[in-house]
Amino acid sequence: MSTLLQVRDTGRTGGNEVFVADAPDHVVLLYRTPTHPFHAQFDGRRYRQALACGSFIALPARTQSWFDSREAGPRSVFHFHFKPEALAALAEELGRPQLVFPCGIFSPSPYLLTMSDHLLREAEARVRPDSLFWDCATASALYEVIRLDDAGARPVARGGLAPWQLRRTSDYIMARLAEPITLAELSAIAGLSPYHFARSFKVSVGEGPHRFQQRRRCERAAELLLDPTLPTDSVATLVGFDNVQAFTRNFRSFFAVTPKRWRQQHGVRAVRRRSARA
């Protein structure tokens, strides 16, 4: 799934700001902090409104827009950009002839606000983007926007992956733990669209493809940490993490302890047992 994510903390400004001007992508401007009333114009209409934390403005591709933010106050705005073909793929999965990207101001979405927190942490912790993470997040965010705009947008009732699809895709992930993987790669192996694959994988496994990948990486790391000759940063690299900070954060989420503490609990005892036998 092709996606572009932008993050912008606008802070205090003294002039007009044009956030989007005839953008080729569908755009969501998520306000992570509340604002004072400010002027905006898009879709041929003028607005003057204060936005609560978590509110968002949805703008279809090629929508001319203008924002006068001189009175809005300090704010943090998170930009989602969705390719038009992603919307077409979602329409196919929902069994609908087409979907129209909404245009307007929406009430707060706790889901999108929480997702923006996760995306910001991921962006700050990684040297290179995790393609699978971004792809899965984009598919979920796009569905949330459409769901809020159209109560009739519900997934077509389908089950999980076929056994052969689950086996091949999980084997593909396991064989490439240290490599970046995209949702497009996995969905192609299963012969499904990215959106359908991500949803069906979660139905079968109980967690999304990215979470599954991170879990398997950390399980492999737990095995490698038993070798006292491997530095922690080397273990992180061997299982696909860009830095120790990202590795530690993910490892703790699965094992409830840091890699260092894991070594203290398991690695040291293993060395003593081997020494005792020598």
Under a 4.5 Å side-chain heavy-atom rule over Ile, Leu, Val, Met, Phe, Trp and Tyr, are Trp262 and Leu230 clustered together? yes

Ignoring hydrogens, what is the shortest heavy-atom contact between Ser109 and Glu144? Give both atom names and the distance. OG-OE2, 3.4 Å

So, does Ser116 use its side chain to make a donor-acceptor pair with the main chain of Leu113 at under 3.5 Å? yes

Go through the steps to decide whether Val239 and Cys218 satisfy the test side chain to side chain contact (heavy atoms under 4.5 Å, CB included), and finish with yes or no. CA-CA 8 Å; Val239 296; Cys218 289; over 6 Å; no

Looking at CG of Asn250 and CD of Gln213, how far apart are the two atoms once the value is rounded to the nearest 0.5 Å? 9.5 Å

Per side-chain contact (heavy atoms from CB on, under 4.5 Å), Leu177 is matched among Gln214, Arg217, Glu219 by Arg217

Can you confirm whether Val235 sits close enough to Pro259 that some side-chain heavy atom of one is under 4.5 Å from a side-chain heavy atom of the other? no

Can you tell if the side chain of Phe80 reaches within under 4.5 Å of the side chain of Thr138, non-hydrogen atoms only? no

Tell me, do Val145 and Pro102 make a side-chain contact under 4.5 Å, heavy atoms counted? yes

Short question: side chain of Thr63, backbone of Leu59 - any donor-acceptor pair under 3.5 Å? no

For a ring pair (Phe, Tyr, Trp, His ring centres under 6.0 Å) check, start with the C-alpha distance between Phe56 and Tyr31, then their side-chain angles and the critical distance, and finish with the verdict. CA-CA 6 Å; Phe56 66 92; Tyr31 285 77; 9.8 Å; no

Rounded at 0.5 Å granularity, tell me how far OH in Tyr111 sits from OG in Ser140. 3.5 Å

When you compare the side chain of Arg46 with that of His39, does any pair of heavy atoms fall below 4.5 Å? no

Taking Val257 as the starting point, is it possible to reach Phe247 by hopping between hydrophobic residues whose side chains are less than 4.5 Å apart? yes

Separation between CG (Leu148) and CG (Leu112), nearest 0.5 Å, reads 6.5 Å

Under a 3.5 Å threshold, yes or no: a donor from one side chain and an acceptor from the other, between Tyr172 and Glu185? yes

Atom of Arg48, atom of Pro37 and distance for their closest heavy-atom approach: NH1-CB, 3.4 Å

Close side-chain approach of Asp135 to Leu186, heavy-atom, < 4.5 Å: no

Should Leu166 and Val205 count as side-chain neighbours, where that means a heavy-atom distance under 4.5 Å? yes

Here the pair of heavy atoms bringing Leu99 nearest to Leu87 is O-CD2, 3.3 Å

Please assess Phe212 against Ile173 for the test side chain to side chain contact (heavy atoms under 4.5 Å, CB included), listing each intermediate value before the final yes or no. CA-CA 9 Å; Phe212 176 85; Ile173 293 173; 3.7 Å; yes

Approximate separation, where rounding is to 0.5 Å, of Phe106 CZ and Leu51 CG: 12.5 Å

Can you check side chain to side chain contact (heavy atoms under 4.5 Å, CB included) on His196 and Ser187, steps first, answer last? CA-CA 8 Å; His196 185 193; Ser187 60; over 6 Å; no

Looking at Val27, Val28, Asp25, which one forms a side-chain contact (heavy atoms from CB on, under 4.5 Å) with Phe101? Val28

For the backbone of Leu161 and the side chain of Ser204, can you confirm whether one donor and one acceptor N or O come within less than 3.5 Å of each other? yes

Step by step, work out the side chain to side chain contact (heavy atoms under 4.5 Å, CB included) result for Phe254 and Arg211. CA-CA 10 Å; Phe254 291 113; Arg211 185 67 172 172; 3.4 Å; yes

Please report whether the ring centroid of Phe42 lies less than 6.0 Å from that of Trp66. no

Roughly how far apart are Gln265 CD and Leu225 CG, rounded to 0.5 Å? 11.5 Å

Atom CZ of Arg45 and atom CD1 of Ile105: how far apart are they, to the nearest 0.5 Å? 8.5 Å

With a 4.5 Å heavy-atom cut-off, do Pro209 and Phe197 have their side chains touching? yes

Ser170 and Arg167 have their tightest heavy-atom pair at OG-O, 3.1 Å

Got a donor-acceptor contact below 3.5 angstrom from the Ser55 side chain to the Ser107 backbone? no

Please report the closest heavy-atom contact between Asn243 and Ala236, naming both atoms and the distance. O-CB, 4.3 Å

Quick check, are the ring centers of His26 and Phe82 under 6.0 angstrom apart? no

Between Arg215 and Glu207, is there a donor-acceptor pair closer than 3.5 Å when you use the side chain of the first and the backbone of the second? no

With a 4.5 Å limit on heavy-atom distance, are the side chains of Val77 and Leu30 in contact? no

